[in-house]
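Right, one structure below, let's go through it.
Side chains included, hydrogens not; waters and symmetry mates left out as well; all remaining heavy atoms used. All chains are named by letter (A, B, ...) in the order of the sequence lines, taking the proteins before the strands, and each is independently numbered beginning at 1.
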Amino acid sequence: MKLLLAVMFFMSAQVFAADVMLHGGHVRFLPKTSKVTGAFMNLMNHTDKDLKLVSVKGEDAERYELHTHKMEEGMMKMRQVKSMDLKAQSTLELKPGGLHIMLINLKKELVLDAKMKMTLVFDNGFELPIELPVKKVMGHMKHKH
Amino acid sequence: MKYTLILALLISCFNEKKLELSSMPDGGDFTIKSTIGEYQLSKRGPVILLSFGYTYCPDICPTTLATMGNVLGGLSKEELSQVESLFISVDPKRDTINRLKEYASFFHPKVYGATASEEKVSKIAKLYNVQYSKHFTKNQDPDGNEYNVDHSTQSFIIYKGKLVQLITYGTPAPDIINSVRNILKENK
């Protein structure tokens, strides 16, 4: 039974994985004192339908929120957003200084290179389980073209 | 007519004030409690990469400090002996010196943390035109200890206590290294 369930889970994940694909991605490694961190990644929508990322589930933090940054009045303001648009046949970029998933009140210490599991939930009910490595984020680098 | 003119003049003054926000602030010397003891800007360095933020900051501050870490890590031993980075927390309510110690040194051993009373931090921030304000999301208790701090993102290069260059958020580490090297060369 367990095996059957595992196979079914694997197959459903495979079907979905072909529709929305995760490229790269990491959770930011921060000092032990940090209770919050960010998750960054690229998501590609290979379907002909617009999707919205509406929530994130996981066991490693009390809350997972969708956030963005905007520059206003000379200050960088981080604000929660209800959803993130993942348009048909395009890529959604979650990156430092922009859209990101915020992990709030971490339940355990961040461990460099450890994998963190979370599940992305889309407006059409699709759920994409992902695993992101914990990585030390570099500072601003020269853009390579 | 007269009033319209006065009004127009007032508006233009106001606009100019707004533009000044992104221009070079006056800067200035100060002393502050830091992770390495009492810290006087003009007595340290001589080159100091100064930035403002808070340790609960999930994205902007760690990126800025990672950049500072890359700058310090990219300097020669001789250059590094003349350069350090100071991170001032604008959130003294939550950021103790102990907390700052672990946070700042995570990025490089020569990144130091500092903070002071709300009044003192505000005075120092004003010298550098750094603005910040607390923001509570709907999930956060307005009287609680969980909040975000909106804040300016620019950093500063200080030489012997004087502000010599403004670093805008997003400036890559190699560009900052070049600036630091030029400052060291000019003052040899």
Problem set entry | Proximal component of B:S105, with respect to chain A [non-hydrogen, under 4.5 Å] |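 Neither; nothing under 4.5 Å.
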
For this session: Could you tell me which portion of B:N148 (side chain, backbone, both or neither) has an atom closer than 4.5 angstrom to a non-hydrogen atom of chain A?
Result: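 Side chain only.
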
Part of [X] lying under 4.5 Å from any heavy atom of chain B:
X      : answer
A:L103 : neither
A:M76  : both
A:F29  : both

Exercise. Of all heavy-atom pairs between B:P62 and A:L30, which one has the smallest distance, and what is that distance?
Worked result: CB-CD2, 3.6 Å

Problem set entry | Shortest non-hydrogen contact between B:Y169 and A:G97, atoms and distance |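 That closest heavy-atom pairing would be OH-CA, 4.2 Å.
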
Exercise. Which residues from residues 56-70 of chain A are near chain B, with near meaning under 4.5 Å between non-hydrogen atoms?
Worked result: A:R63, A:E65, A:H69

Exercise. Would you say A:M78 and B:H135 make side-chain contact, with heavy atoms under 4.5 Å?
Worked result: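 A side-chain contact is absent here, since even the closest heavy-atom pair is not under 4.5 Å.
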
Problem set entry | Side chains of A:R79 and B:D150 in contact at under 4.5 Å (non-hydrogen atoms) | yes

Problem set entry | Among A:R28, A:K136, A:K35, residue most engaged with chain B (heavy-atom pairs, under 4.5 Å) | A:R28

Problem set entry | Proximity of residues 41-57 of chain B to chain A, residues having a non-hydrogen atom under 4.5 angstrom |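 Counting heavy atoms that sit under 4.5 Å from chain A, the residues of residues 41-57 of chain B involved are B:T55, B:Y56.
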
